[in-house]
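Structure, as structure tokens:
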4 protein chains.
Amino acid sequence: MINRVVLVGRLTKEVELRYTQSGKAAGSFTIAVNRQFTNQQGEREADFINAVIWGKGAENLANFTHKGSLVGVEGRVQTRNYENQQGTRVYVTEVVVDNFSLLEPKSANDGRQSQPVNHSGQNNFNTPNNQPMNDPFTGGRDIDITDEQLPF
Amino acid sequence: MINRVVLVGRLTKEVELRYTQSGKAAGSFTIAVNRQFTNQQGEREADFINAVIWGKGAENLANFTHKGSLVGVEGRVQTRNYENQQGTRVYVTEVVVDNFSLLEPKSANDGRQSQPVNHSGQNNFNTPNNQPMNDPFTGGRDIDITDEQLPF
Amino acid sequence: MINRVVLVGRLTKEVELRYTQSGKAAGSFTIAVNRQFTNQQGEREADFINAVIWGKGAENLANFTHKGSLVGVEGRVQTRNYENQQGTRVYVTEVVVDNFSLLEPKSANDGRQSQPVNHSGQNNFNTPNNQPMNDPFTGGRDIDITDEQLPF
Amino acid sequence: MINRVVLVGRLTKEVELRYTQSGKAAGSFTIAVNRQFTNQQGEREADFINAVIWGKGAENLANFTHKGSLVGVEGRVQTRNYENQQGTRVYVTEVVVDNFSLLEPKSANDGRQSQPVNHSGQNNFNTPNNQPMNDPFTGGRDIDITDEQLPF
DNA sequence: TTTT
DNA sequence: TTTT
């Protein structure tokens with residue numbers, strides 16, 4: 001059973017951060033992905049895809065993006081349903097993100113990075129759990145290779 | 001802007017085929033994808049993901065699958081919304097499939113194929129054996145819905 | 001930076017299991033993925049894609065598949081190069097698998113499962129490291145929060 | 001049978017455009033995708049993934065990118081092999097791109113677009129503004145290679 | 001150097 | 001109930 005989604009688009013607004021009782025971070029957001037084709041009126045429409053991200057990744061995403069940020073995300077499609085206050089069942093489809101990448105150029109971020117940077121959505125971060133975030137970029141050098149070093 | 005989904009799972013029921021006024025086939029179905037982890041009760045849950053497929057691919061998918069068929073699909077996540085009879089806006093997220101693959105072993109299908117077979121969801125693909133397709137629906141079926149009536 | 005691959009195909013032969021000095025399992029295999037189109041001679045060709053899988057997942061894959069097994073895999077494309085015995089540089093492109101799914105029907109496996117089953121390729125298995133495999137299906141509880149605690 | 005790849009990374013150099021005898025464009029390029037993790041020396045490495053794109057998409061990609069451009073691509077993993085001059089068989093793995101997206105901000109391109117733009121790798125897409133494309137290569141370039149000479 |  |  002395979003369930004994999006990859007999206008590149010822009011955040012429709014800031015990531016909403018929340019914490020579970022056990023202290024786990026959860027971020028929810030919507031990513032607008034422009035369609036590759038235009039509609040009958042010649043307009044380019046977008047899909048507005050809801051997504052959630054858990055743990056450290058939620059905090060990272062919230063800290064390094066804002067409304068309009070261009071991001072790439074990977075995850076799985078999740079469906080769930082619940083009964084609302086009116087007693088009717090509501091069906092939800094959303095993407096559970098487990099990895100994301102900031103695709104904004106340097107100037108659009110805080111200037112501390114020189115290119116897109118990846119963040120795992122779920123683990124392998126060595127900051128303490130649920131602490132205010134340290135800068136994941138500190139010390140994180142990037143490629144500095146020349147053409148001559150390229151194997152082709 | 002990238003929007004790509006890959007799913008492998010089982011059809012929850014037969015594909016529902018419909019035709020637009022212009023004669024274009026549209027198939028709608030739900031694919032159940034078991035999650036890789038179990039819930040608090042130790043049960044394995046599934047995501048039930050709604051999907052649509054257009055054109056010849058819709059007919060092929062309908063013709064070569066049944067409830068429970070194991071299929072792989074590729075497509076994009078689409079969101080749309082409409083106003084229902086009660087005047088409230090309904091938001092829909094579904095996968096628009098543009099390629100699929102039958103993953104059932106030979107015996108589980110009708111015997112006309114010996115391995116997983118691919119079908120494009122959008123172009124003019126033939127039957128698995130590259131025979132001109134014997135389409136039982138063309139002409140012989142009511143074409144009584146409009147594009148506007150289609151729920152996608 | 002996003003790098004994601006999803007493949008469904010058949011193993012060209014059994015997974016080759018090896019262990020690093022530190023005892024970490026590594027499995028290498030080739031997956032044959034039939035193309036969706038035929039060549040000029042009307043033949044259906046395949047891509048033979050090399051892959052590696054690390055850790056417990058390598059052992060699981062090796063244990064539950066054989067030559068010809070239909071599998072789905074997810075991973076990333078990795079390139080690397082090395083100097084061979086003749087002193088020429090060899091360039092390698094392969095898929096590093098971090099998740100896989102057995103797509104064979106029950107009878108083709110050992111009978112303990114009734115449907116495709118997922119295995120993580122790299123982590124989150126709660127058996128001791130590098131021990132002969134326990135049954136990956138036993139137990140394995142997961143997150144323990146309720147829907148009410150969820151922020152959506 | 002499913003074979004799908006999504007990559008976001010930077011072009012290691014300009015796209016190399018060639019034309020078959022029949023006039024079909026073929027572009028070859030390498031995309032550098034930074035890994036999400038660092039190696040033992042704490043350096044962030046990259047995968048250098050070879051890719052090809054056919055038809056109008058090849059021309060579009062060549063026209064709207066340069067060395068270092070950030071792009072997203074979708075495609076399939078292809079393997080092929082040929083005998084080199086020394087009579088030894090060479091095995092090649094590359095991505096055949098059928099869709100791409102420019103992820104550079106406006107200023108990084110030539111100013112004719114205001115956001116990431118999608119181009120199909122296979123169909124007849126126009127320029128980003130839906131203007132008939134001003135293709136400087138059509139007719140004006142040597143068409144002096146055969147399909148057989150193309151390395152893919 | 002390949003799967004069904 | 002939306003991004004550029």
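The analysis underlying the following values was restricted to heavy atoms, covering all of them including side chains, and did not include hydrogens, waters or symmetry mates. Here the structure is a predicted model, which is why all the values come from computation and not from measurement. Per chain, numbering begins at 1; letters A, B, ... match sequence-line order.
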Salt bridge or not for A/D47 and A/R35, using N-O below 4.0 Å?
-> yes
To the nearest Å, give me how far apart CG (C/L61) and P (E/dT3) are.
-> 17 Å
Which nucleotide sits closest to the side chain of A/N34: E/dT3, F/dT2, F/dT4?
-> F/dT4
Using atom CG of A/L11 as one end and atom C1' of F/dT3 as the other, report the distance to the nearest whole Å.
-> 8 Å
Which whole-number value in Å describes the distance from A/D47 CG to F/dT4 P?
-> 17 Å
When the distance from NZ of A/K67 to P of F/dT4 is rounded to whole Å, what number comes out?
-> 6 Å
Using the test side chain to side chain donor-acceptor pair (under 3.5 Å), find all partners of A/N50 that sit at least two apart in sequence or belong to another chain.
-> A/T30
All side chain to side chain donor-acceptor pair (under 3.5 Å) counterparts of D/Q86, not counting sequence neighbours = D/N84
Name the closest nucleotide to the C/T30 side chain, picking from E/dT2, F/dT2, E/dT3.
-> E/dT2
In whole angstroms, the gap separating C1' of F/dT4 from CD of A/E45 amounts to 16 Å
From CD1 of C/I31 across to P of E/dT4 the rounded distance in Å is 13 Å
Sugar-phosphate only, base, or nothing, as touched by C/G68 at under 4.0 Å among non-hydrogen atoms | sugar-phosphate
C/R44 CZ - E/dT4 C1' separation (whole Å) = 12 Å
Send over the distance from B/R80 CZ to F/dT2 P, rounded to a whole Å.
-> 18 Å
If we ignore angles and hydrogens, is there a donor and acceptor under 3.5 Å between the side chains of A/R44 and A/N34?
-> no
